[in-house]
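Reading through the structure tokens given below for one structure.
In this text the structure is predicted, and so the values were computed from the model without any measurement.
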Amino acid sequence: VLGGLVYFSAIAHDDRFLAVVKSFTIEFRKPAFTNLVVETHFSDAQLAGIKSALEENGRCNYELDAVVKNSAGETVAESHGVYAIRPRAN
């Protein structure tokens, strides 16, 4: 889901492209028994890089890390996703 947010931020409603999850790993650190919050960071520079790659190459890859925390702020899991934006097949 987080990778999709980057995709929609990068190309809005451009139906020429499709987002693909290339790989996704998650490391569980401890059990979670409370509400959870996911934190991730994706800079304006990274977003500009995606837009530039799409304009130049018509495709791009990007990575996104996230930290899952419980209501006490303790890290309960960490994830790493590798995503691709590719042209849709006609």
Subject >> Ion pair Lys30/Glu74, N-O distance below 4.0 Å >> reply: yes

Subject >> Leu18 reachable from Val82 in the ILVMFWY side-chain graph, under 4.5 Å edges >> reply: no

Original post:
Heavy-atom distance under 4.5 Å between the side chains of Pro87 and Arg16, does that happen here?
Top reply: no

Original post:
Crowded around Asn57 CG? As in, over 12 foreign heavy atoms under 6.0 Å?
Top reply: yes

**OP:** Taking all non-hydrogen atoms of both residues into account, name the closest pair between Ala84 and Lys22 and its distance.
**Re:** CB-CD, 3.6 Å

**OP:** Of all the heavy-atom pairs spanning Gly81 and Phe24, show the shortest one and how long it is.
**Re:** CA-CD1, 3.8 Å

Subject >> Full working for side-chain contact (heavy atoms from CB on, under 4.5 Å) between Tyr83 and Asn61 >> reply: CA-CA 6 Å; Tyr83 305 90; Asn61 295 334; over 6 Å; no

Subject >> Chi angles and distances behind the side-chain contact (heavy atoms from CB on, under 4.5 Å) call for Tyr62, Ile85 >> reply: CA-CA 8 Å; Tyr62 62 95; Ile85 299 176; 3.8 Å; yes

Original post:
Any donor-acceptor pair under 3.5 Å linking the side chain of Thr34 with the backbone of Asn70?
Top reply: no

**OP:** Without swapping roles, check the side chain of Ser71 against the backbone of Asn35 for a donor-acceptor pair under 3.5 Å.
**Re:** no

Subject >> Minimal non-hydrogen separation, Asp65 against Thr40, with atom names >> reply: O-OG1, 2.5 Å

**OP:** Calculate, to the nearest 0.5 Å, the distance between atoms NE2 and CG belonging to His80 and Leu64 respectively.
**Re:** 9.0 Å

Original post:
When you look at Val76 and Arg29, which way does the side-chain contact (heavy atoms from CB on, under 4.5 Å) test go after all the steps?
Top reply: CA-CA 5 Å; Val76 297; Arg29 304 291 182 210; 5.6 Å; no

Original post:
For Gly58 and Phe17, which heavy atoms make the closest approach, and how far apart are they?
Top reply: O-CE2, 3.3 Å

**OP:** Classify the side-chain pair Ser43/Gln46 by whether it contains a donor and acceptor separated by less than 3.5 Å.
**Re:** yes

**OP:** Find the distance between CZ (Arg86) and CZ (Arg59) and round it off to the nearest 0.5 Å.
**Re:** 4.5 Å

Original post:
Do Leu36 and Val38 sit in the same hydrophobic cluster, where Ile, Leu, Val, Met, Phe, Trp and Tyr count as joined when their side-chain heavy atoms come under 4.5 Å apart?
Top reply: yes

Original post:
Looking at Glu63 and Phe42, what are the two nearest heavy atoms and their distance?
Top reply: O-CE1, 3.8 Å

